Q: 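Submitted below is the structure of interest, expressed as structure tokens.
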Amino acid sequence: MQQYCHIIAAGKLCIGDNVTISLNVMINDSEHDYRQFGVNVLEQPLTHSPIIISSSCFIGAGARILAGTTLGEHCIVLSLIHISEPTRH
């Protein structure tokens, strides 16, 4: 893991073996629900979904891995990419 990474794990976060996490990566398994119109988003409930990063993945500089993401083995996430759903391998 390189410098300036930001990881928030309010629930389940699994990182496999031999995973490379480049600089300025954010991994966040939570977000505020915003279903109540007229209510400030910060006053709404915090939700979280698991993140699974399988073995031998490479996460490029500046990537964002969001709640509910599963990265299969040997997955490559390019720099400055936002991932918020399962990937195929």
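What's counted below: heavy atoms across the whole structure, side chains too, no hydrogens, waters or symmetry copies. All values reported here derive from a predicted model rather than from experimental measurement.
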Q: State the OG-NE2 distance between S56 and H74, to the nearest 0.5 angstrom.
A: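 That separation rounds to 4.5 Å.
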Q: Side chains of I65 and I51: closer than 4.5 Å at any heavy-atom pair?
A: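 Yes, their side chains come closer than 4.5 Å.
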Q: Could you give the distance from CG (L71) to OG (S55), rounded to the nearest 0.5 Å?
A: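 If we round to the nearest 0.5 Å, L71:CG and S55:OG are 11.5 Å apart.
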Q: Does anything in residues 35-48 form a side-chain hydrogen bond (donor to acceptor under 3.5 Å, both in side chains)? List the pairs, not counting sequence neighbours.
A: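 Passing the test, one end in residues 35-48: D33-R35.
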Q: Decide whether M1 and V25 are clustered together by the hydrophobic rule: side chain heavy atoms of Ile, Leu, Val, Met, Phe, Trp, Tyr closer than 4.5 Å, transitively.
A: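 Per the 4.5 Å side-chain linkage, M1 and V25 are co-clustered.
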Q: Give the other cluster members for L42, using side-chain heavy-atom distances under 4.5 Å between Ile, Leu, Val, Met, Phe, Trp and Tyr residues; answer none if it is isolated.
A: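 The other cluster members (ILVMFWY side chains, heavy atoms under 4.5 Å, direct or chained) are Y34, V41.
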Q: Keeping the roles fixed (side chain from S79, backbone from G62), state whether a donor-acceptor pair exists under 3.5 Å.
A: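 No.
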Q: To check you understand the geometry: which heavy-atom pair defines the closest contact between G72 and C57, and what is its length?
A: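 Distance-wise, the nearest heavy atoms are O-SG, 3.1 Å.
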Q: Output all residues satisfying side chain to side chain donor-acceptor pair (under 3.5 Å) with D29, sequence neighbours left out; order by chain, then residue number.
A: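 So D29 forms no side chain to side chain donor-acceptor pair (under 3.5 Å) with any residue.
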Q: What about L46 and M26, same hydrophobic cluster or not, with Ile/Leu/Val/Met/Phe/Trp/Tyr joined at side-chain heavy-atom distances under 4.5 Å?
A: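 They do not share one cluster, since no chain of ILVMFWY contacts under 4.5 Å joins L46 to M26.
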Q: Is it possible for you to say whether I76 and I52 belong to one hydrophobic cluster, with membership spreading through side-chain heavy-atom contacts below 4.5 Å?
A: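 Hydrophobic grouping puts I76 apart from I52.
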Q: Output all residues satisfying side chain to side chain donor-acceptor pair (under 3.5 Å) with S49, sequence neighbours left out; order by chain, then residue number.
A: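 Counting only residues at least two positions away or on another chain, S49 forms no side chain to side chain donor-acceptor pair (under 3.5 Å).
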Q: Identify all side-chain donor-acceptor contacts of residues 5-23 below 3.5 Å with residues at least two apart in sequence or on another chain.
A:
residue: S22; atom: OG; partner: I59; partner atom: O; Å: 2.9

